[in-house]
Amino acid sequence: MSLSREAIVEGLQHIVGPEHVVTDEQVLVQSSVDNFRKLQNIFDVHTMPVPAAVVMVQSTEMAAELLRWADEQGVNVIPRTGATATEGGLESAVPDSVILDGSPMDRIIDVDACNMQATVQCGVPLQALEDRARELGLTTGHSPQSKPVAHLGGLVATRSIGQFSTLYGGIEDMVVGLEAVFPNGQICRIKNVPRRAAGPDIRHVVIGNEGALCFITEVTVKLFPYFPESNRFLGWTLKSMTTGFEALREVMVSGFKPSVARLYDPGDAGLHFSHFAADDDCVLLFMAEGPPGISRATADGIQAIVDTYPECTQVDSAYIETWFNDLCWGPDKIIAEDERIRQTRNVNRTTEISADWSSIGEIYAAARDRIVAEIPDITMMGGHSSHSYINGTNMYFNYFFNVVGVGPEEETTKYYLPIISIICEETLKRGGSIVHHHGMGKARAPWVKDEYGSSYYMLETLKQAFDPSGIMNKGTIFPI
Ligand SMILES: Cc1cc2nc3c(=O)[nH]c(=O)nc-3n(C[C@H](O)[C@H](O)[C@H](O)COP(=O)(O)OP(=O)(O)OC[C@H]3O[C@@H](n4cnc5c(N)ncnc54)[C@H](O)[C@@H]3O)c2cc1C
């Protein structure tokens with residue numbers, strides 16, 4: 001029999017002390033959603049089951065005790081750190097869930113400039129680690145737009161990626177080792193080594209688990225030398241996304257490693273580059289960085305490739321540098337965006353997918369055309385490619401719509417989910433992945449079997465093995 005809300009709170013207080021258990025009703029209601037149903041918080045209209053409590057986790061041992069208790073009692077737990085999730089990973093799918101908030105675990109344990117790695121607790125904001133690394137002339141190389149607000153635990157749990165990924169990789173390329181706690185209370189530390197071939201790479205069971213398998217308590221990531229003075233910026237306007245994808249592909253398959261490589265379609269370019277790009281212009285841009293010789297050679301190589309495309313018109317590199325300097329979203333921008341939505345009911349959302357070079361252009365065009373034709377009240381439909389690889393790239397659809405004829409709580413069902421459905425369908429049809437970096441959350445969980453195909457067996461077996469009672473973040477990755 002499931003515990004009552006009162007019994008859950010009492011049990012938690014008994015384990016960690018009442019001072020670490022938050023039961024304020026307003027906090028609980030706001031914690032029932034994340035950015036997936038952000039209109040519910042913006043307009044203060046809530047429909048999701050209310051969590052029983054938020055526990056402010058202070059240590060690995062406390063996390064282990066809490067998980068063991070929740071597992072025995074069958075209480076759903078939702079791990080949380082920075083709370084910037086966009087896909088419903090933090091949403092309480094069932095009543096009386098318990099949120100395990102790791103943000104108090106915010107100690108930078110070690111910055112090791114000899115072995116070029118830093119170890120932090122899960123609640124360290126990425127910005128804090130980056131600031132510490134910069135004091136030593138180093139960088140994490142990780143720069144998601146949410147860098148000022150996201151924490152290392154969540155960044156690892158979602159397989160996040162940053163704006164300089166083409167050079168440094170995604171978080172999966174940066175994690176050296178980590179510590180995680182499983183629902184039976186087992187604490188596992190995966191040691192820090194440059195590489196090993198002692199069986200499968202078990203880091204990948206934890207990286208990207210979205211709180212559906214375990215609670216991450218500590219992370220060790222790589223550090224890199226920081227050379228801001230040798231940054232080089234390059235940009236072009238052009239009329240065709242097809243040409244843009246061709247140029248982008250040629251740069252990547254020729255072996256160049258710019259830190260930033262992006263292609264914007266006209267709609268999305270209009271939001272950032274209207275001071276130099278015409279309404280029907282796409283924008284192709286790059287940033288090269290690293291030791292001066294490498295940065296120079298990278299920029300020269302890219303220049304030589306794009307020079308062979310007569311359709312591309314070069315723009316002043318200062319435009320690209322200015323854009324680059326304003327990329328991250330701290331609390332100020334997030335609050336201002338919420339206020340804009342409150343005033344206008346015009347909502348901006350994004351969905352990111354990936355595919356090989358042969359399919360990405362078709363997926364982009366097919367999804368864009370269908371969304372414009374099938375979804376009402378769209379005020380802007382666009383997108384950009386922002387993370388490229390030797391064998392393909394991503395597409396980050398960026399769209400705005402007016403919420404008309406429904407309440408804010410129905411925005412997801414009338415607009416967001418139908419849009420995601422189109423994007424997922426068009427991507428899966430052509431063999432791409434429906435999630436490039438925001439995680440499955442609960443928003444894209446309904447497509448998990450289509451995403452994995454025959455390899456779903458492996459994913460499902462991990463869930464059964466590590467979380468046999470199904471208490472870890474119900475509905476995330478694995479639909480209820
Ligand atoms: C303005 C904005 C810009 C963004 N830009 C980017 C971007 O450039 N690149 C990118 O990849 N993402 C981006 N995101 C998405 C988001 O920031 C990332 O998914 C980030 O990794 C989440 O980190 P967090 O600490 O906020 O995690 P949370 O939001 O707290 O949690 C995210 C997910 O991870 C799980 N989780 C959290 N902590 C733990 C833990 N300790 N152990 C196990 N599971 C845990 C949660 O249950 C949830 O499913 C952006 C979001 C916003 C709002």
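Each ligand, and each atom within it, is numbered from 1 in the order the structure gives.
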Parallel, tilted or perpendicular: ring planes of [X] versus [Y], cut at 30 and 60 degrees:
X      : Y      : value
Phe182 : Phe466 : tilted
His437 : Tyr396 : parallel
Phe273 : Tyr264 : perpendicular

Polar-atom distance check: [X] versus ligand 1, any N or O pair below 3.5 Å?
X      : answer
Trp329 : no
Gly82  : yes
Phe215 : no
His151 : yes

Proximal atoms of ligand 1 relative to [X] (non-hydrogen, under 4.0 Å):
X      : result
Ser160 : 11 (O), 21 (O)
Thr86  : 51 (C)
Ala85  : 29 (O), 32 (C)
Asn473 : 47 (O), 49 (O)
Gly154 : 21 (O), 23 (O), 24 (P), 25 (O), 27 (O), 37 (C), 38 (N)
Asn35  : 53 (C)

Is the closest basic N to carboxylate O distance between Glu91 and Arg37 below 4.0 Å? yes
Around atom 2 (C) of ligand 1, find the nearest protein heavy atom and jot down its residue, atom name and distance. Ser146 CB, 4.0 Å
Examine distances only and state if a side-chain atom of Glu130 and a backbone atom of Thr140 form a donor-acceptor pair shorter than 3.5 Å. yes
Give a yes or no on whether the backbone of Val55 and the side-chain of Asp101 come within a donor-acceptor separation of less than 3.5 Å. no
Do the side chains of Asn209 and Ile216 get nearer than 4.5 Å, heavy atoms only?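 The answer is yes, as the side chains (C-beta and beyond) meet within the 4.5 Å cut-off.
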Are the aromatic rings of His142 and Tyr168 close, with centres under 6.0 Å apart?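 They do not qualify: ring centres at least 6.0 Å apart.
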